[in-house]
Peer 1: 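Sharing a structure with you now.
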2 protein chains.
Amino acid sequence: MAARGGCKAVVADKWSMRVVSDLGAGPRRFTDLKRGLEGISQRMLTVTLRSLERDGIVTRTVLQVMPPNVTYELTPMGTAMLEAATPLLRWSTDYLPRITEARADYDARPGD
Amino acid sequence: MAARGGCKAVVADKWSMRVVSDLGAGPRRFTDLKRGLEGISQRMLTVTLRSLERDGIVTRTVLQVMPPNVTYELTPMGTAMLEAATPLLRWSTDYLPRITEARADYDARPGD
DNA sequence: CGGAATCCCGCGAGATACTG
DNA sequence: CAGTATCTCGCGGGATTCCG
């Protein structure tokens, strides 16, 4: 998916799907998103949001005040993407236990 | 999705989804997969397949002959994953033109 | 608050060579 | 054919600092 030229594909990116998923619940501010995404650095959130904005997945709305107020929101295209991704997200949560189990089995095998 | 401990998540990996997608059409041999995946190196295909096997997404069947004959195939879990991913795969092909366009727009903007 | 800029390190991954 | 082993390099991404 659109992976040419060193730019990362949306779905092949570690954080993009999670950000989009979080934004599915409605518009969020930068700091709120950061709080929700355990383990993301400030830099990566910025980079991820810029990329999503560039791809037309989210909009960025700046209120010129002090302190700044920046809100992110899914575009219709972003909403469509989240809807398309929902079955896979469900699969990942449903099957996580089985994957964990499969890994344990694999790692426990004689392995020569 | 199962991203703890330095192991890469299946969907957040550059090649996993494409391999699974290719295997959706039926069992394939190593070299056939490699031919189908433009740009993948031999090493990355090996690594990707090992990871998918470990996660219980594909099976690896070895015929002990010379030259070797190794066939990969989706497990039921792998098939379930592919089915869950289908809407997102469709989205990505459907919307690729719009993403490309959005990027061009973004890059063409005054940019301050 | 929401960034941008800079520094820096580890690992992701290509290239190449060797094997059952 | 289908790998493994090694070496190497680039860049993904964390930590830190500064700014409007």
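The figures here come from the full heavy-atom set of this structure, side chains too, leaving out hydrogens, waters and symmetry mates. So that the names make sense, note that chain A is the first sequence line, chain B the second, and so on, each numbered from 1.
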Peer 1: Mind calculating the distance between CZ (B:Arg29) and C1' (D:dG3) to the nearest angstrom?
Peer 2: 13 Å

Peer 1: Taking only Lys NZ, Arg NE, NH1 and NH2, and the carboxylate oxygens of Asp or Glu, determine whether A:Arg35 and A:Asp32 approach each other closer than 4.0 Å.
Peer 2: yes

Peer 1: Verify the cluster assignment for B:Ile40 and B:Val20: are they in a single hydrophobic cluster under the rule of side-chain heavy atoms below 4.5 Å apart?
Peer 2: yes

Peer 1: Carefully, step by step, assess B:Asn69 and B:Arg29 under the rule side-chain contact (heavy atoms from CB on, under 4.5 Å).
Peer 2: CA-CA 7 Å; B:Asn69 184 321; B:Arg29 296 180 57 180; 3.5 Å; yes

Peer 1: Using a strict threshold of under 4.0 Å (side-chain N to carboxylate O), is an ion pair present between B:Arg54 and A:Asp105?
Peer 2: no

Peer 1: Report the stems of DNA chain D as range-with-range entries sorted by first number; a stem here is at least three consecutive pairs, Watson-Crick or G-U wobble, both distances under 3.5 Å, and write none if there are none.
Peer 2: C:2-20 with D:1-19

Peer 1: Base contacts versus sugar-phosphate-only contacts with protein, heavy atoms under 4.0 Å: please encode nucleotides 13-20 of chain D as B, S and - from 5' to 3'.
Peer 2: BBB----B

Peer 1: Nearest whole Å is fine: how far is C:dG3 C1' from A:Leu63 CG?
Peer 2: 16 Å

Peer 1: Using atom CD of B:Gln64 as one end and atom P of C:dG20 as the other, report the distance to the nearest whole Å.
Peer 2: 13 Å

Peer 1: Ignoring hydrogens and angles, state whether a donor on the side chain of A:Arg60 or A:Tyr72 is under 3.5 Å from an acceptor on the partner side chain.
Peer 2: yes

Peer 1: Looking at side-chain heavy atoms only, is the closest gap between A:Leu33 and A:Leu23 below 4.5 Å?
Peer 2: yes

Peer 1: If you measure from the Lys or Arg side-chain nitrogens to the Asp or Glu carboxylate oxygens, is any gap between B:Arg103 and A:Asp55 under 4.0 Å?
Peer 2: yes

Peer 1: If I take atom CZ in residue A:Phe30 and atom P in nucleotide C:dC1, what distance separates them, rounded to the nearest angstrom?
Peer 2: 11 Å

Peer 1: Can you tell me the distance, in whole Å, between the CG atom of B:Leu49 and the P atom of D:dG3?
Peer 2: 7 Å

Peer 1: Has A:Tyr72 got a side-chain N or O lying under 4.0 Å from the OP1 or OP2 atom of C:dC1?
Peer 2: no

Peer 1: Taking A:Ser51 for its side chain and A:Val47 for its backbone only, find out whether a donor-acceptor pair lies under 3.5 Å.
Peer 2: no

Peer 1: C:dA13 C1' sits how many Å from B:Lys34 NZ, rounded?
Peer 2: 13 Å

